[in-house]
Structure formats: structure tokens, C-alpha cells
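Below: one structure, written as C-alpha cells.
Here the structure is a predicted model, which is why all the values come from computation and not from measurement. We number each residue from 1, following the sequence as shown. Side chains included, hydrogens not; waters and symmetry mates left out as well; all remaining heavy atoms used.
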Amino acid sequence: MSIEILNESGHELDVKGLATLSRFVMDAMRVHPLAELCIKAVDEDTIAKLNEQWMDKDGPTDVLAFPMDELRPGLVTEDPEEGVLGDLVLCPAVAERQGETAGHGTTAEIELLTVHGILHLLGYDHAEPEEHREMFGLQDKLLEEWRASR
């Protein structure tokens, strides 16, 4: 599994921890062991430009997901598909504010956003109430398992 993490945000980032979490989630979702993922941490100006360019929304956001090969979670009964999972763009400055507001801090918020982004790369969405329940339920389950394993 190839996980590349680039920190261009100007904030400290636990690169090793982020890679370990990403690997944990991809393994739990039965993503092919040779699948590729790139996570890039950026500043607010950069993510605001990307948010406008790709999502047609103003201002900075917390995470953007750019799927590549449209990989989906693997099933126990079949071999997972090989390919490029995609790119995540995180904004630690936004995560810091959100983590403070939520009362769990920046690290927990970045973990949440990483899991959230990987699920988006795997085709999950939360536009409809049923999709929201499924995606956020899975996100919570993965985060709980991750934290219990540490």
C-alpha cells in the first residue's frame, strides 16, 4: 500500500500517525494492499481555491476528496481491485477550529477528516439522509476501532 503524505500547511502534522490511520482504514475496508493514496495538507487559501474550483463553493473547507480509479470497498468473497484510491486535501487550520468547537482537539478532528475523506474516495456520500446515516455510522465505527487498537 502506497500512502504519500505531503504537509504544505504550515501546521505541525503527525505524518506517521496519519499514514498508520489511513492504512488501518484501508485494510478495514478491504482496499487492495497495493492501492495508492495521497494526502496533502494545505493552508486555508489553497483549500479555498480548490473548494471554489472543484465544488463551486466559497471559502475554505476541512477536507476535499478526489477519487481516481473509483475503487470500492472489497467484499470478503472476492479479491479487492488494484489501483489508485485518490487524493485527499486536508486543511489543519480549519480542523483546529472544528476540533476546538467539537471539544476533541485538532488531532482527533484530523483523524475524523481522514476517515471521512477515505470513505468519500471509496464512493460513500452523505447527501441523502440514508447515505448520511450509513457513512457517518461507518466513520464512527472505524474511528472507535482505530482508537481501541492504539
Side-chain angles (χ1 to χ4, degrees), residues 1-32 35-73 81 83-150:
M1 197 172 296
S2 170
I3 299 171
E4 181 179 19
I5 300 176
L6 308 169
N7 186 4
E8 300 174 1
S9 69
H11 283 76
E12 273 193 45
L13 194 64
D14 178 5
V15 172
K16 186 177 179 185
L18 210 50
T20 305
L21 168 62
S22 299
R23 199 167 285 114
F24 175 87
V25 172
M26 292 167 70
D27 285 345
M29 298 303 294
R30 296 190 41 80
V31 174
H32 195 282
E36 297 176 30
L37 169 67
C38 179
I39 299 174
K40 188 178 204 178
V42 299
D43 60 31
E44 289 184 79
D45 287 341
T46 302
I47 205 155
K49 288 174 189 162
L50 291 170
N51 198 26
E52 184 177 342
Q53 179 182 358
W54 296 102
M55 304 304 289
D56 204 25
K57 294 181 180 176
D58 288 332
T61 189
D62 49 13
V63 64
L64 293 169
F66 298 97
M68 297 295 178
D69 290 339
E70 296 186 10
L71 299 180
R72 296 297 178 251
E81 205 176 324
V84 178
L85 187 56
D87 297 338
L88 290 183
V89 181
L90 297 171
C91 184
V94 173
E96 183 176 6
R97 288 195 300 275
Q98 290 178 174
E100 187 176 305
T101 300
H104 57 228
T106 305
T107 300
E109 187 69 14
I110 288 174
E111 290 174 349
L112 182 149
L113 295 174
T114 301
V115 173
H116 188 87
I118 292 171
L119 291 177
H120 273 306
L121 293 176
L122 288 169
Y124 288 88
D125 200 0
H126 47 83
E128 299 298 324
E130 187 174 314
E131 292 174 333
H132 188 279
R133 277 190 300 279
E134 179 184 16
M135 182 174 179
F136 280 77
L138 182 55
Q139 174 182 294
D140 292 346
K141 177 181 176 274
L142 290 166
L143 281 167
E144 186 178 306
E145 290 173 359
W146 162 251
R147 291 179 178 138
S149 74
R150 301 194 76 193

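To the nearest 0.5 Å, the span separating NZ on Lys57 from CG on Leu64 amounts to 9.0 Å. Rounded to the nearest 0.5 angstrom, Asp27 CG and His32 NE2 are separated by 12.0 Å. Met26 contributes atom CE, which lies 11.0 Å from atom CG of Leu21 (distance to the nearest 0.5 angstrom). Leu113 contributes atom CG, which lies 10.0 Å from atom CG of Leu18 (distance to the nearest 0.5 angstrom). The CD atom of Glu111 sits 12.0 Å away from atom CG of Leu142, with the distance rounded to the nearest 0.5 Å. Distance CD1/Ile39 to OG/Ser22: 3.5 Å, rounded to 0.5 Å.
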Working for side chain to side chain contact (heavy atoms under 4.5 Å, CB included), residues Leu112 and Leu143
CA-CA 7 Å; Leu112 182 149; Leu143 281 167; 4.0 Å; yes
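For the side chain to side chain contact (heavy atoms under 4.5 Å, CB included) test, residues two or more places apart in sequence or in another chain that qualify with Asp43 are Asp45, Thr46. Partners of Arg72 under the side-chain hydrogen bond (donor to acceptor under 3.5 Å, both in side chains) rule, at least two apart in sequence or in another chain, do not exist in this structure. Partners of Phe24 under the ring-ring contact (aromatic ring centres under 6.0 Å, His included) rule, at least two apart in sequence or in another chain, are Trp146. Taking the side chain to side chain contact (heavy atoms under 4.5 Å, CB included) definition, one finds that Ala127 meets it with Asp125, Glu131, sequence neighbours left out.
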Under 3.5 Å, which donor-acceptor pairs link side chains of residues 86-108 to any protein atom two or more places apart or in another chain?
| unit_1 | atom_1 | unit_2 | atom_2 | d |
| --- | --- | --- | --- | --- |
| Arg97 | NH1 | Glu44 | OE1 | 3.4 |
| Arg97 | NH1 | Glu44 | OE2 | 3.3 |
| Arg97 | NH2 | Glu44 | OE1 | 2.8 |
| Gln98 | NE2 | Asp62 | OD2 | 3.1 |
| Gln98 | NE2 | Glu109 | OE2 | 2.8 |
| Thr101 | OG1 | Arg97 | O | 3.0 |
| His104 | NE2 | Glu109 | OE1 | 2.6 |

Using distance only, find each side-chain donor-acceptor pair of residues 47-54 under 3.5 Å and give its atom names and separation, not counting sequence neighbours.
| unit_1 | atom_1 | unit_2 | atom_2 | d |
| --- | --- | --- | --- | --- |
| Asn51 | ND2 | Gly59 | O | 3.0 |

Side-chain polar contacts of residues 3-17 - donor-acceptor pairs under 3.5 angstrom, sequence neighbours left out - could you list them?
| unit_1 | atom_1 | unit_2 | atom_2 | d |
| --- | --- | --- | --- | --- |
| Asn7 | OD1 | Ser9 | N | 3.1 |
| Asn7 | OD1 | Ser9 | OG | 2.6 |
| Asn7 | ND2 | His11 | O | 2.8 |
| Ser9 | OG | His11 | N | 3.0 |
| Ser9 | OG | His11 | O | 3.4 |
| Asp14 | OD1 | Gly17 | N | 2.9 |

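Note on residues 133-145: pairs passing side-chain hydrogen bond (donor to acceptor under 3.5 Å, both in side chains), not counting sequence neighbours, are His116-Gln139, Lys141-Glu145.
In this structure, Asp69 contributes its side chain and Val84 its backbone to a donor-acceptor pair below 3.5 Å.
Side-chain atoms of Pro73 and Tyr124, non-hydrogen and from C-beta on, do get closer than 4.5 Å to each other.
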